[in-house]
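As the structure lists them, so they are numbered: ligands from 1, and atoms in each ligand from 1.
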Amino acid sequence: MNIHEYQAKELFKKYRIPIPDGGVAFNVDSAVSIAEELHDFPVIVKAQVHAGGRGKAGGVKLANNMSEVKRLAKEMLGMTLVTNQTGPKGKLVNKILIESGVSIDKELYFSILPDRTTARLVIMASRAGGMDIEEVAATTPERIVKVYIDPLSGIQGYQLRQLAYGLQMPSSLIRQFSSMVRNLYELFVMHDCSLLEINPLIITTEEQILAIDAKINFDDNALFRQKEILEYRDFDEEDPLEVEASKYQLNYIKMDGNIGNMVNGAGLAMATMDIIKQAGAEPANFLDVGGGANTEQVENAFRIMLSDQNVKGILINIFGGILRCDVLATGVVQASKKVGLTLPVVVRMEGTNVDAGRKILDESGLNLMTATDLTDAAQKVAHMAQA
Ligand code: GDP
Ligand code: MN
């Protein structure tokens, strides 16, 4: 799960990580009153969306007086921000962060993330902050300092020193920096984060350390024990069909093609998407109903897929194991009847109770094409895509 910068900064505050003063605004009036409380200019106005790259795309602006705050707030609220991380459709801005502007001496990069190879948490830091860290990693990897933390022993003093020296931290800031790193590490572990990134972490011209950007991702599998983090979930930032699918524990990801496909098992879903592509069409989604889906889940999965306006045809590819073919067929028929199915559907299924499943489909009176095998299914899908 992803959260907003202003939410990440709320967590930073709790963990005593230095951040600029400020607050989040949902309308122009509250943007102005937050700016008034800051008592000084410039003030930074920052679009709050679940995507980075805002600076280059016009989502981070500086205001030198109150009328500029007003104008920028008006412009940003309601605008669609397209950055190199949003995709071409961009993201609608409906919250902005209003912060004290700071004068920057150095922009550093700092992050914590799990390293699967060593099964440790790795802290990465670089003097080359502010810009695209991927580019630094590709062209000048020696400019990134990495320390690997053993989760059992936690972060060690020598590792803090490695980071501080690697960043050429002024000696007057080393104590402050070290305690900040300890606190960030604690935040990361306590909240089951999967990524914590500050880009840039700055040193101000007054020699203060400040986190002026903040990005945190959380491990979805740990959210059951992170109730307070779950409160931060922003459904406006998620695809509505994906939100709907998550209510029924369906693994659904919307894509740009026009062939909806419903499959049990992630591997089979990937293979089915390949077949659709080989047949010259594009998948509209990834949908794994899971091994043990019940009729209700199948019905909801089918309904969600049908509500995607891009979908022009559907391929159902099921290998019945724990999910029995008759359960699948019942769910499909129920959903089709409820929504008044008009799209062509090709069903390919094999496995447990396949005969009972086929019978349910045949007797449903619905216009469902059954396919005998994958090749046959692919040909029928190809035909559907052309129609
Ligand atoms: P991102 O582009 O989405 O990663 O947004 P950031 O929060 O990193 O902001 C982009 C850039 O804006 C930063 O790298 C800074 O150079 C600049 N910036 C952000 N806040 C301030 C500030 O308070 N003062 C100044 N001078 N620059 C800022
Ligand atoms: Mn940034």
### Region of I104 that comes within reach of ligand 1 [heavy atoms, distance under 4.0 Å]
side chain
### Message
Check this for me, if you would: do D373 and R348 make a salt bridge, where the nitrogen-to-carboxylate-oxygen distance has to be below 4.0 angstrom?
### Response
no
### Query
Atoms of ligand 1 less than 4.0 Å from G52 heavy atoms?
3 (O)
### Task
Output, in order, the C-alpha distance, side-chain angles, deciding distance and verdict of ring pair (Phe, Tyr, Trp, His ring centres under 6.0 Å) for Y15 and H191.
CA-CA 12 Å; Y15 283 81; H191 293 289; 5.7 Å; yes
### Task
Using a strict cut-off of less than 4.0 Å between a Lys/Arg side-chain nitrogen and an Asp/Glu carboxylate oxygen, indicate whether R182 and E186 qualify as a salt bridge.
no
### Query
Is the closest protein non-hydrogen atom to atom 19 (C) of ligand 1 under 4.0 Å?
yes
### Task
Have a look at the Mn ion (ligand 2) and estimate, to 10 degrees, the angle subtended by O (N199) and OD2 (D213).
100°
### Message
Between K14 and E228, does any side-chain N to carboxylate O distance fall below 4.0 Å?
### Response
yes
### Message
Counting only nitrogen or oxygen atoms and a 3.5 angstrom limit, does E5 reach ligand 1?
### Response
no
### Query
Quick one: which of I133, N199, V145 gives a side chain to side chain contact (heavy atoms under 4.5 Å, CB included) with S126?
I133
#### Entry: Any N or O of G130 closer than 3.5 Å to N or O of ligand 1
no
### Task
Could you tell me whether E10 and K13 make a salt bridge, using a distance below 4.0 angstrom between a side-chain N and a carboxylate O?
no
### Message
One thing to verify: whether E5 and R54 come together as a salt bridge, which I'm taking to mean a side-chain N less than 4.0 angstrom from a carboxylate O.
### Response
yes
### Task
Answer yes or no: does atom CG of D256 have more than 12 heavy-atom neighbours from other residues, nucleotides or ligands under 6.0 Å?
no
### Query
For atom 6 (P) of ligand 1, which protein heavy atom lies nearest, and how many Å away is it?
D213 OD2, 3.4 Å
### Query
Which of the atoms of ligand 1 are close to R54, meaning less than 4.0 Å from one of its heavy atoms?
1 (P), 2 (O), 3 (O), 5 (O), 6 (P), 7 (O)
### Task
Measure the distance from atom 12 (O) of ligand 1 to every protein heavy atom, then report the residue, atom name and distance (to 0.1 Å) of the closest one.
V60 CG1, 3.8 Å
### Query
Protein heavy atom under 4.0 angstrom of atom 25 (C) of ligand 1, is there one?
yes
### Message
Quick check on contacts: which atoms of ligand 1 are under 4.0 angstrom from a heavy atom of E107?
### Response
14 (O), 15 (C), 16 (O)
### Query
How does N199 reach ligand 1, by side chain, by backbone, by both or by neither, if only non-hydrogen atoms under 4.0 Å count?
backbone
#### Entry: Heteroatom distance test (G101, ligand 1): nitrogen or oxygen, under 3.5 angstrom
no
### Query
Is it true that D234 and K95 have a side-chain N and a carboxylate O under 4.0 angstrom from each other?
yes
### Task
May I ask you to identify, for E99, whether its side chain, its backbone, both or neither come under 4.0 Å of ligand 1 on a heavy-atom basis?
neither
### Task
Look at atom 2 (O) of ligand 1 and say which protein heavy atom is nearest, naming residue and atom and giving the distance to 0.1 Å.
G55 N, 2.7 Å
### Message
Please determine whether any non-hydrogen atom of K46 lies less than 4.0 Å from an atom of ligand 1.
### Response
yes
### Pairing of R358 and D362 as salt bridge, 4.0 angstrom limit
no
### Task
Output yes when K254 and D308 qualify as a salt bridge under the 4.0 Å nitrogen-oxygen rule, no when they do not.
yes
### K56 N/O under 3.5 Å from ligand 1 N/O
no
